[in-house]
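Below: one structure, written as structure tokens.
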Amino acid sequence: MDRLDPLRLTDTLSTVLGTSAKPLASELGLHTVGDLLRHYPRRYVERGQLTDLASLELDEHVTVVATVKKAVNAEYRDRRTGRKSLRQEVVVTDGHATLQLVFFKQRWIVNKLRPGQAGMFSGKVSAFRGVRQLAHPEFRLFDGSAGPGGSDGSGDGDLDPDVVLSFAGALIPVYPATTKVQSWVIADAVRLVLDQLAPQLDDPLPVLLRAEHGLSGLREAFQAVHQPRSREHAEAGRSRLRWDEAFLMQTVLARRRHAESALPATARVDPGDAILAAFDERLPFALTAGQRRVGEEIGADLARTHPMHRLLHGEVGSGKTVVALRAMLTVVDAGGQAVLLAPTEVLAQQHHRSITALLGDLAERGRLGGTDIGTRVALVTGSMTAAQRREALLDIGVGDAGIVIGTHALLEERVQFFDLGLVVVDEQHRFGVEQRAALSERTRQGTRPHVLVMTATPIPRTIAMTVFGDLETSSLTELPAGRAPITTHVVDAARAPRHLARVWERIREEVAGGHQAYVVCPRIADEALPPETLPPEPGEDSGPARRPGAGVLETAELLAAGPLAGLRIAVLHGRLPTEDKDRVMRGFAAGDIDVLIATTVIEVGVDVPRATVMVVMDAEWFGVSQLHQIRGRVGRGGHPGLCLLVTEQPPGSAGWERLAAVASTLDGFELSRLDLEQRREGDVLGVKQSGTKSSLRLLEVLRDEELIAQARAYATAVVEADPELAGEPALAAAIAPLELATASEFLDKA
Ligand code: ADP
Ligand code: MG
């Protein structure tokens, strides 16, 4: 096709590929020149380097490089017509293993696929009489000739089948492909596009940045990635394009931080002689150095006339609640209100109980016997009676309730605050970014509340910089003094039933000593109901076939009738009515219940100091960070904690190893890193992989931590100097579509 103008990234593919562009769009979602050039090869093969055929998985769409071993015609009877026909059976090999290819009624295949000839074969792996095969695959031989399907130059496009695989010595790119669009079809399209691409592309990376880090231009990078001269050449291109991803993402985040910090908020300054001061005076323990330091950071933020956006993350049990409460009291003392959002009712109720208890008569203002300095603490959950709710909402509306505690039900309703000054979100990993934004809308006169987000999953720096990249961060790494250590063991329930019996004996001993125990199960009931938790890596964790995890109800019945007979046992799970949940938690906190058998509703935040034993049934159903969270429920009251991870997975299996890792350290940061390493990138970023394409193609958040940090520093500087990016038009154009996306889509599209 003759074109006068050189191609730009925004040109549509049909202008250069004609109708051949169609399958690229429908199969792979590639519409523009830029889309195609950012569809990077998955790997490269060298001529003569064959695919390991033994490693192919059933049902996978594969592109393999192999040599023909033999090709014969074989007679068979067509089931529909009853007539005899010829089938072509071809065997290809990598030198060791073989793979069968089958074609139907295409005699010419046997002449074409001569023994010794090498090529690429593409199709879905199936099994026929126990032999793995590709049925009617597409192929292209290294002499340039094509297979039976649409890619044999049949004229409906400009793709030239004879070139790509024939340039000597080159690395052959293998693209993510589908049955309808083979890897070499993509390579052909890329070649056509690169041939006509403008010599100078609008480069989103600032010139200085490229110079500083020795990065090539965009066009060179595309060339290197798609048509590399060597592996080093390809890698140079990839590292430049990785910069694109990191830098664009960080520029968007920097702009978001910049815009938010420019919004107006009411400054809330601690007067020094009101509730907070009285509270500090009667606090039964000394704050840790970390709690004091973070308290000062937050105090300084609150005193500004722009909204705080801070993430407080810290080790399980490091005392985040007190830090949050002191921040809330600062705001109340300054005349505003604060709201604390919890992810579950159990947690909201516990916060309400413990905060009211910590405040004592400081929480009884306006009631008989209350002090004259103080406030009220309102609880709003989804399941209050109409009368309770009316009273709470009234207290909130007139400003009598300085502190409001609730679940996200609070977000969904039109709760009117008198003067909302601070939003604290506990256990952020359960809250969407949008929800955070929804609450930010609820203030007077267009000002924004300050926002403090807390999470007990320690967040590695790299995640803080990406997923939470629009927040400033504080962390609490030390535990309050006097915490007794927690010991963790993995218990082999299948091979050592004696050990399991010992587990129940240990619980009886602890209870006899005045302590309490948790038993956590992956499900509510053994059958019927879906699990409350999903296995960390369904399907990938190839241990022996797993039965469904233990259910709370059956386990409770079993234990009550047998090993724990006579103890006071209660169950707690997500499907109990709220009053029951509250009653059980109260009973457990008061020591009226010895053993609490629960799902992960107790995973986060629950704080009962007398509990010393945590037994997790079928522990392999839980993720590493989740187990660390669950374990953090014991060892809180100065008595040593014991955590027993029960599993039927055999020692040495992936499931067992994960549990052993949890047992080996109490460092939440280390575990959360391990957790992330075991997940796929999309999950790391909190984006479901299903259906959507992940945006980060070359960037791997964990591996590329240093690069992300550098990109973040550079992006912050660029945005601070030139918030509108007037001096970087290509950068501004590249981030525009990303900025339109909502927060969570953003990581998808970046
Ligand atoms: P987390 O950070 O996991 O949310 P919590 O805020 O629930 O931890 O605190 C755990 C326990 O430690 C609570 O019982 C709390 O009262 C107590 N605590 C908090 N700070 C201190 C401190 N400085 N000294 C002693 N105990 C503390
Ligand atoms: Mg907590």
query: Is any NZ, NE, NH1 or NH2 atom of the basic residue among E509 and R506 found under 4.0 Å from an Asp or Glu carboxylate oxygen of the other?
result: yes
N-O pairing of D361 and R282 below 4.0 Å: yes
query: Taking C-beta and beyond as the side chain, do F622 and P522 meet within less than 4.5 Å on heavy atoms?
result: yes
task: Rounded to the nearest 0.5 Å, what's the gap from CG on L567 to CG on L559? Could you check?
output: 9.5 Å
Value rounded to 0.5 Å, distance of NE2 in H573 from CG in L553: 5.0 Å
- prompt: Heavy-atom count around E557 CD within 6.0 Å, excluding the residue itself: above 12?
  reply: no
message: Show the nearest heavy-atom pair for residues P497 and A494, with the distance to one decimal.
response: CD-O, 4.3 Å
task: Taking all non-hydrogen atoms of both residues into account, name the closest pair between L659 and L627 and its distance.
output: CD2-CD1, 3.4 Å
task: Kindly say whether D607 contributes a backbone atom to a donor-acceptor pair with the side chain of Q350 at under 3.5 angstrom?
output: yes
Salt bridge flag under 4.0 Å for residues R523 and D618: no
field: Salt bridge E296-R292, side-chain N to carboxylate O under 4.0 Å
entry: no
- prompt: Less than 4.5 Å apart, any side-chain heavy atom of L379 and any of H351?
  reply: no
message: I want to check something: taking the side chain as every heavy atom from C-beta on, are L572 and F588 in contact at a cut-off of under 4.5 Å?
response: no
query: Does I593 offer a backbone N or O that forms a donor-acceptor pair with the side chain of Q516 under 3.5 Å?
result: yes
- line: Shortest non-hydrogen pair, I405 vs I355, comes out as CD1-CD1, 4.0 Å
query: Can you name the closest pair of heavy atoms from D333 and L276 and give their distance?
result: OD2-N, 2.8 Å
- request: Check whether more than 12 heavy atoms from other residues, nucleotides or ligands sit under 6.0 Å from atom CD of E281, and answer yes or no.
  value: no
- request: Measure the CD1-CD1 distance between I403 and I396 for me, rounded to the nearest 0.5 Å.
  value: 12.0 Å
query: Any donor and acceptor pair, going by atom type alone, linking the side chain of R376 with main-chain N or O of V404 inside 3.5 Å?
result: no
- prompt: Do NZ/NE/NH1/NH2 and the carboxylate oxygens of E510 and R610 come within less than 4.0 Å?
  reply: no
- line: Value for OG (S474) from NE2 (H313), rounded to nearest 0.5 Å, stands at 8.0 Å
- request: Report the C-alpha distance between L476 and L312 in whole Å, list the side-chain angles of each, state the deciding distance to 0.1 Å, and finish with yes or no for side-chain contact (heavy atoms from CB on, under 4.5 Å).
  value: CA-CA 8 Å; L476 286 176; L312 169 56; 4.0 Å; yes
message: Using the rule given for side-chain contact (heavy atoms from CB on, under 4.5 Å), can you reason through R353 versus D582, listing the C-alpha separation, both sets of side-chain angles and the distance that settles it, and then say yes or no?
response: CA-CA 10 Å; R353 275 195 305 277; D582 192 32; 3.1 Å; yes
- prompt: Is a side-chain N or O of R568 found less than 3.5 angstrom from the main chain of G591, in a donor-acceptor match?
  reply: yes
message: I'd like to check V615 versus W504 (side-chain heavy atoms, cut-off strictly below 4.5 Å). Are they in contact?
response: yes
H450: which of L302, D301, L420 passes side-chain contact (heavy atoms from CB on, under 4.5 Å): L302
query: Looking only at heavy atoms, what is the nearest atom pair of L341 and V423, with distance?
result: CD1-CG1, 4.3 Å
Side chain to side chain, I602 and M614, heavy atoms closer than 4.5 Å: yes
query: Does any N or O in the side chain of Q291 come within less than 3.5 Å of the main-chain N or O of G319, such that one atom is a donor and the other an acceptor?
result: yes
field: Side-chain heavy atoms of V451 within contact of P307, under 4.5 Å
entry: no
task: For R508 and A565, indicate whether the former's side chain and the latter's backbone hold a donor-acceptor pair under 3.5 Å.
output: yes
message: Quick check: do I630 and T600 have side-chain heavy atoms less than 4.5 Å from each other?
response: yes
message: When you measure from the side chain of R293 to the backbone of S475, do you find a donor-acceptor pair of N or O atoms at a distance under 3.5 Å?
response: yes
- line: Correct closest heavy-atom pair for L666 and H628 would be O-CE1, 3.4 Å
statement: CG (L645) and CZ (R658) are apart, to the nearest 0.5 Å, by 11.0 Å
query: Is E620 reaching over with its side chain to a backbone N or O of T647, donor-acceptor style, under 3.5 angstrom?
result: no
message: Within the 4.5 Å heavy-atom criterion, are L596 and V608 side-chain neighbours or not?
response: no
- request: Would you sort out whether T407 and T344 count as a side-chain contact (heavy atoms from CB on, under 4.5 Å), showing the intermediate values?
  value: CA-CA 6 Å; T407 59; T344 62; 5.9 Å; no
field: Check: D667 main-chain N/O paired with T665 side-chain donor or acceptor under 3.5 Å
entry: yes
- prompt: Nearest 0.5 Å, what's the OG1-CD distance between T578 and Q349?
  reply: 6.5 Å
message: Atom NE2 of residue position H499 - does it have more than 12 heavy atoms of other residues, nucleotides or ligands inside 6.0 Å?
response: no
message: Set out, in order, the CA-CA distance, both residues' side-chain angles and the distance that settles side-chain contact (heavy atoms from CB on, under 4.5 Å) for R575 and V552, then state yes or no.
response: CA-CA 11 Å; R575 279 169 212 261; V552 165; over 6 Å; no
R268 side chain vs L422 backbone, donor-acceptor pair below 3.5 Å: no
message: Under a 4.0 Å threshold between the charged nitrogen and the carboxylate oxygen, would K581 count as salt-bridged to E345?
response: no
query: With the threshold set at 4.0 Å, does a side-chain nitrogen-carboxylate oxygen contact exist between D270 and R326?
result: no
